[in-house]
**Q** 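Got a structure for you, written out below as structure tokens; questions coming shortly.
Please read these numbers as outputs of a predicted model, since none were measured by experiment. One-based numbering, in listed order, for ligands and for the atoms of each.
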Amino acid sequence: MYITTTIPYVNARPHLGHALELVQADVLARHRRRRGEPVRFQTGTDDNSLKNVLAAEAAGVPVRELVDRNAAAFEGLRGPLALSFDSFIRTSTHPGHRDGVERIWRETAHDLYQRHYEGLYCVGCEQFYPDGPCPDGHEAPLQRVSEQNWFFRLSRYQDELLALISSGRLRIEPAARRNEVLAFVAAGLDDISVSRSAARARGWGIPVPGDPAQVVYVWWDALANYITALDGGGTRPDGGGTTLDGGDYERWWVREPRKVHLVGKGVIRFHAVYWPAMLLSAGRPLPTAIFVHDYLTADGRKISKSSGNAADPAALVAAYGTDAVRWWLLREVPRVGDADFTEARLVARADEDLANGLGNLVSRVATMVVRFLDGHVPDEGEPLARVDGAVDEALADFDFRRAALAVWTLVEEANKYVELTRPWQQSGRERETSLGTLVRTCRELAVQLEPFLPGAAARVAAAVGADRLTRPDPLFPRHARPAG
Ligand SMILES: [Zn+2]
């Protein structure tokens, strides 16, 4: 499976919304790898956005400096969030990216034409609107732009897109999002502007091949990352810098049967309409699935720089640990609908589930094996439940919360079993069977938890994995003081 996240523009540091998409993609990648499937997990940053230029101007630093600093903060989430991405592309520095964008531009030349354009432009969205204000809530007034642009004949692909999406060859989840896209396409597609004046972009971005007064529209540029990232920028027979026709591109975009884009609801049109049309025009294969997640709010408000540390994933990890942050994102965010983040909710979830639920279970089980059986794990006993099927099904639906809950049933079953059997009141064979069952359930938990909480899973495995157990250290810190 080829799994991608969107590549955020880097006008600011990452926030918790970025962490959500990265962690969801990471769970899919780890889950599929664990099933023995070849996986490539791709992420990165959109360095060429006009927003980056404006943010640098506002901060009074060179664009390159601002972009490098913020892109490093995104790439730096790898450790704190325990991300297992295989490749991180930066569109301004990846060796093959610019060549790849130019190549796709030439391949779609039969659908490109020049036209004078006037419209209202939202820099926040990097797109034109017929009138203001910005429907996405960006506060800066829309700019009236009047220039000669390159246009892409999107209108030509209406029927093909409808057929692709309604047949499920391009799967869009959840269903409400698929219907939204189908309605948008069925209402009729206008051609789209795919270049900007180089002057307005302050020279930042990729020049249009053969027309250096224009730069390639940043969305066109950014969407191409899903394939240019697969190309290391080798040398073509004609001396050019990129191939897009062999190696990893061939492996992961042409031959791979499952290519999944994870995207936020605000960019669905770009991924489900513009990008497939670009690929159709270029004669290249399409993605096979797009999963659209909703948004996070923090303390009831849209996440923004003013949300402060509450929305800074690295700061949250520093305060509460990787497991607590990942667990909140996976356990609390629904497949459909926005979710509101507060630190209090994160703490409550971490204490209740991780410290009290999972941590207590593992430490009780290991402690009883040490006390009653001198640490020796009995031969008897099987895990109390198998959750593979339920996890597979939930993740096939991109339902991360349902998948996390399926794993959690093991914790609940095991805790119930402890209360039911009371191994401390048992003896002999009976007690050995109970404790053997509990140890094997905890081992199964370690296996099943790995895609969700890789750090916690490793600690559980260390606590119950050996033939002879020792008294364990606490697995999780407790963050809140008990009431009273
Ligand atoms: Zn906007």
**Q** Would you please name every residue forming a ring pair (Phe, Tyr, Trp, His ring centres under 6.0 Å) with Tyr9, sequence neighbours left out?
**A**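 For Tyr9, no residue satisfies ring pair (Phe, Tyr, Trp, His ring centres under 6.0 Å) once neighbours in sequence are set aside.
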
**Q** In terms of side-chain geometry, is the basic nitrogen of Asp191 or Arg156 positioned less than 4.0 Å from the acidic oxygen of its partner?
**A**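 No salt bridge links Asp191 with Arg156.
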
**Q** Is Arg90 salt-bridged to Asp46, cutoff N-O under 4.0 Å?
**A**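 Looking at Arg90 and Asp46, the cut-off is not met.
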
**Q** Who passes salt bridge (charged side-chain N to carboxylate O under 4.0 Å, His left out) against Arg258, sequence neighbours left out?
**A**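 If we apply the salt bridge (charged side-chain N to carboxylate O under 4.0 Å, His left out) test to Arg258, skipping adjacent residues, the hits are Glu37.
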
**Q** Excluding sequence neighbours, so at least two apart, what forms salt bridge (charged side-chain N to carboxylate O under 4.0 Å, His left out) with Glu21?
**A**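 None.
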
**Q** Please find the pair of heavy atoms, one from Pro174 and one from Phe291, that lie closest to each other, and give the distance.
**A**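 Scanning both residues completely, I find the closest heavy atoms to be CD-CE1, 4.1 Å.
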
**Q** List-wise, which protein N, O or S atoms are found short of 2.8 Å from the Zn ion (ligand 1)?
**A**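 You should have found Cys122 SG, Cys125 SG, Cys134 SG, His138 ND1.
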
